[in-house]
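Okay, so here's the structure we're looking at.
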There are 2 protein chains.
Amino acid sequence: MNQSVRLTHSVRRRLLHEDVAEHLRTMITEETLAEGSRVDEVELCALLDISRTPLREALKVLQSEGLISIEPHKGARVTAMSEADLGELFDVLSGLERLAAELAAQRASDEELEAFRALNDEMETQYRARDPRAYFALNLQVHQRVIDLSGNRQLKRVHSLLSGRTRRGRYSSTLSDAHWDESVQEHNALVQALLARDGKQAGRILFDHVIKTGDTILDMMQHQKIAQA
Amino acid sequence: MNQSVRLTHSVRRRLLHEDVAEHLRTMITEETLAEGSRVDEVELCALLDISRTPLREALKVLQSEGLISIEPHKGARVTAMSEADLGELFDVLSGLERLAAELAAQRASDEELEAFRALNDEMETQYRARDPRAYFALNLQVHQRVIDLSGNRQLKRVHSLLSGRTRRGRYSSTLSDAHWDESVQEHNALVQALLARDGKQAGRILFDHVIKTGDTILDMMQHQKIAQA
DNA sequence: GCTAGCAATATTTAATTCATAATTATGTTT
DNA sequence: AAACATAATTATGAATTAAATATTGCTAGC
């Protein structure tokens, strides 16, 4: 079985299992792999045109990321995330982003904070234009930027790990209008607090904001469930 | 090559690569595998009497835990942790434990808090007995208990991930006397705040405490380095 | 004497094969 | 007819083998 041609990127050699892992992540996010469904190794191998070794290595990685659960001698499953899990996840994320805001207020340069303000303004523009899609994309960037401004790489690592696990939840839900207005105000307050170098305040604002976002998403999921029933 | 006999635990089947991963973790913690040193696959396989497949699967897991770094076609290395990394790690841990304390103050039962107080008392006994080793072991338990009391499994997951990466630092350094006295006081203050259900206060105390602990360890490492030079 | 290119060696990656455990189905017995 | 036991099938776990890539050492040319 000849495998499809892979380009060798000159800068950074890619590993097959890394590609496979990334592929699986998107499959999980986009629910091509349903939640809780078993992962048939040979079936997936045939689909991706690879052998079992790189697939199994990728599964191990996804397992330690929490996206895949493996039971010995019974195979891999897409981790079923309950609403309780999602709620817990947002609690942790709020804790992490609070810390990030506090650190950012201390360590970010004036230029970085100014750029952050600009990014936030851009997002507000999309809010005024009532473009939820563009707003959503920028919103992700804003939160990511706060993490980056903290200058803490360990924080960045763990944040991306956890936020990756909320992707499916966020993907399947768009923002509620009621939360939207409030959200924009909170973001502006965050910018002000950061510019004033008030870390505690910035942390408080972002903490509450992320908690609210999580609650909103959970509410929407419950409504969807009721609507489906 | 016949492999050595492995017992099959009736309750929970173990997977070879899990055992290997755990083995490697302790090897890294105890510096049997030196920081930054290359991991020779065939050599390790011979040492552990396994084939390369489970070893490679274990390495993938350790990589996503951050203990191992893999460069494509160049092999695996024990991740070299700079002091900056360790400092960042403690910052994140303080953020996580602050959150845990806040949640614990809200959600823990009276009985759980009472048991926590008892655990803390036990630790203080070892402090009075000036038994650093026993104190150290109990101290780890206390911090772990706060995480457990938060009732947040995601928090527990990520905390154990990060605290695992500080094991080497903590292992190689014992507490300084100056920090010790202060530390005990802070722990008592934490217990009081939790019993009073004052989450904010408990969070503040634990946050500051972990930061100080990290600073102390970093100080000691620098002194050790100077002493060695 | 030094650098560049080539060859040889060693090491890693991935596919294949073999073994073992779990599940399912079938047959028998109560 | 239902339930249990056993056999057959299927899928996972691990070892081996083959292929690809990097590194090192040597030789030739400048």
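Predicted model, so just to flag it, every value in this text is computed and none were measured. What's counted below: heavy atoms across the whole structure, side chains too, no hydrogens, waters or symmetry copies. Below, read A as the first sequence line, B as the second, and so on, with proteins coming before strands; counting in each chain starts at 1.
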Partners meeting ring pair (Phe, Tyr, Trp, His ring centres under 6.0 Å) with A:H209 (sequence neighbours left out): A:H143, A:H187
To the nearest angstrom, how far is A:E57 atom CD from C:dA15 atom C1'? 12 Å
Nearest-Å distance, CZ (B:R56) to C1' (C:dT11)? 10 Å
Nearest 0.5 angstrom please: A:T53 OG1 to B:R56 CZ, how far? 9.0 Å
Can you confirm whether the side chains of A:D91 and A:S94 place a donor and an acceptor under 3.5 Å from each other? no
5'-most contact on DNA chain C: A:S51 or B:A76, nearest heavy atom basis? B:A76
When you compare the side chains of B:D85 and B:S82, does any donor N or O come within less than 3.5 Å of an acceptor on the partner? yes
Can B:R98 and A:E102 be said to form a salt bridge (Lys or Arg N to Asp or Glu O under 4.0 Å), step by step? CA-CA 13 Å; B:R98 165 171 61 181; A:E102 290 171 357; 3.1 Å; yes
Among C:dA14, D:dG13, C:dT12, which nucleotide sits nearest the side chain of B:L15? D:dG13
Output the rounded distance in Å from CD (A:E71) to P (D:dG13). 11 Å
Would A:K60 and A:E57 count as a salt bridge (Lys or Arg N to Asp or Glu O under 4.0 Å) if you check the C-alpha gap in whole Å, the side-chain angles of each, and the deciding distance to 0.1 Å? CA-CA 5 Å; A:K60 298 295 175 300; A:E57 289 181 343; over 6 Å; no
Sequence neighbours excluded, the answer for side chain to side chain contact (heavy atoms under 4.5 Å, CB included) partners of B:S37 is B:A34, B:V78
Whole-Å distance separating the CD1 atom of B:I50 from the P atom of D:dG13: 16 Å
Of the nucleotides D:dA15, D:dG13, C:dT13, which one has an atom closest to the side chain of A:H73? D:dG13
Check every atom of D:dA15, C:dA14, D:dT12 against the side chain of B:P54 and return the nucleotide holding the closest atom. D:dA15
Under 4.0 Å between any heavy atoms, over every strand shown, what does A:V39 touch: base, sugar-phosphate, or nothing? Just pick one. sugar-phosphate
Check this for me, if you would: do B:E114 and B:R117 make a salt bridge, where the nitrogen-to-carboxylate-oxygen distance has to be below 4.0 angstrom? yes
If I take atom CG in residue A:L48 and atom C1' in nucleotide C:dA14, what distance separates them, rounded to the nearest angstrom? 15 Å
Without decimals, in angstroms, what is the distance between A:E18 CD and C:dT12 P? 16 Å
Of the listed nucleotides (C:dT13, D:dT12, D:dA14), which one gets closest to any side-chain atom of B:L16? D:dA14
Options D:dG13, C:dA14, C:dT13, nucleotide nearest the side-chain atoms of B:I70: C:dT13
Any donor-acceptor pair, under 3.5 Å, between the side chain of B:T53 and the base of D:dA15, if you only look at N and O atoms? yes
Within this structure, what is the CG-to-P distance between B:D49 and D:dT16, rounded to whole angstrom? 10 Å
Without decimals, in angstroms, what is the distance between A:E41 CD and C:dA14 C1'? 15 Å
All N/O contacts under 3.5 Å from nucleotides 6-9 of chain D to the protein, with atom names and distances to one decimal?
none

From the set C:dT11, D:dA14, D:dT21, return the single nucleotide nearest to any side-chain atom of B:D40. C:dT11
Nearest to the side chain of A:H17, heavy atoms from C-beta on, is which of C:dA14, C:dT11, D:dG13? C:dA14
May I ask you to verify if any side-chain N or O of B:R52 is less than 4.0 angstrom from the OP1 or OP2 atom of C:dA15? no
